[in-house]
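Throughout, numbering of the chain's residues begins at 1 and tracks the sequence.
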Amino acid sequence: MPSADEILQKMNELQERRMAAAAPLVDILAQRSKLKDQLADLDEPYGKAYVDAEAAGWTTEDLEKLGADEPVKRPRKRSRSSAKKTDGQAPGKASSGGSPAGTIPAQDGTAAAATGAGNTASA
């Protein structure tokens, strides 16, 4: 029967062979990761260049014939409605200081004011 030292020696040899076999894989994984990061860094400028080409008159079909796939990320367009929002809330949501009752009809059948100004009870 092998001694504890002999068993540990065999375990170390096996582990060293396993690590040596995995070393090329680890190197390639690192290279792949770096290339993926570089490709991701090109997504935004590629999308802008693609949109610029479309604006200059190139069609999607023309660009596909050139080998240019439609970009995953297109540049963001600023809409006028989103530029006017200053509180960052979605339309139709009550502001933190307003009442959610602004969307509930009054008891007499008329709609309550959206701002909550007409929601005070009167005697």
Side-chain angles (χ1 to χ4, degrees):
M1 180 153 215
S3 70
D5 288 337
E6 292 171 337
I7 294 172
L8 288 174
Q9 179 68 27
K10 286 181 183 180
M11 287 175 52
N12 285 333
E13 290 171 6
L14 285 172
Q15 188 66 18
E16 286 175 12
R17 279 189 248 145
R18 290 173 62 195
M19 289 182 66
L25 177 62
V26 171
D27 291 340
I28 292 170
L29 284 171
Q31 290 174 359
R32 285 184 66 185
S33 178
K34 184 178 177 181
L35 290 171
K36 283 181 180 181
D37 289 344
Q38 289 174 349
L39 185 59
D41 290 344
L42 291 175
D43 282 345
E44 187 176 339
Y46 177 78
K48 183 181 180 332
Y50 191 96
V51 169
D52 290 347
E54 285 180 319
W58 289 89
T59 65
T60 303
E61 293 78 22
D62 291 335
L63 294 171
E64 283 178 7
K65 289 177 186 176
L66 296 172
D69 297 328
E70 191 165 349
V72 175
K73 293 183 180 179
R74 286 183 172 262
R76 293 184 182 183
K77 294 180 182 177
R78 295 185 80 164
S79 66
R80 292 182 185 193
S81 63
S82 66
K84 290 180 183 178
K85 292 179 196 168
T86 57
D87 62 358
Q89 293 184 350
K93 292 202 174 185
S95 65
S96 60
S99 169
T103 59
I104 301 172
Q107 289 183 0
D108 63 358
T110 60
T115 61
N119 292 340
T120 58
S122 60

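- In this structure, the separation between CD on Gln15 and CZ on Arg18 is 5.0 Å, given to the nearest 0.5 Å.
- Side-chain contact between Asp41 and Tyr46 is absent, with no heavy-atom pair separated by less than 4.5 Å.
- The two residues Pro24 and Ala20 make their nearest non-hydrogen contact at CD-O, 3.4 Å.
- Annotation: side chain of Lys48 is not in contact with side chain of Pro45 (no heavy-atom distance under 4.5 Å).
- The two atoms that bring Pro71 and Gly47 nearest to each other are CB-CA, 3.7 Å, heavy atoms only.
- Considering CD of Glu54 and CD of Glu70, their distance stands at 6.5 Å, rounded to 0.5 Å.
- Atoms NZ and CG, from Lys34 and Leu39 in turn, are 14.5 Å apart once rounded to the nearest 0.5 Å.
- How far CZ of Arg32 is from CG of Asp27: 13.5 Å, rounded to the nearest 0.5 Å.
- If you take CG on Asp62 and CG on Leu66, they are separated by 7.0 Å, rounding to the nearest 0.5 Å.
- Closest of all the heavy-atom pairs between Ala53 and Leu63 is CB-CD2, 4.1 Å.
- Contact annotation: the side chain of Asp69 never approaches that of Glu64 to less than 4.5 Å [non-hydrogen atoms, C-beta and beyond].
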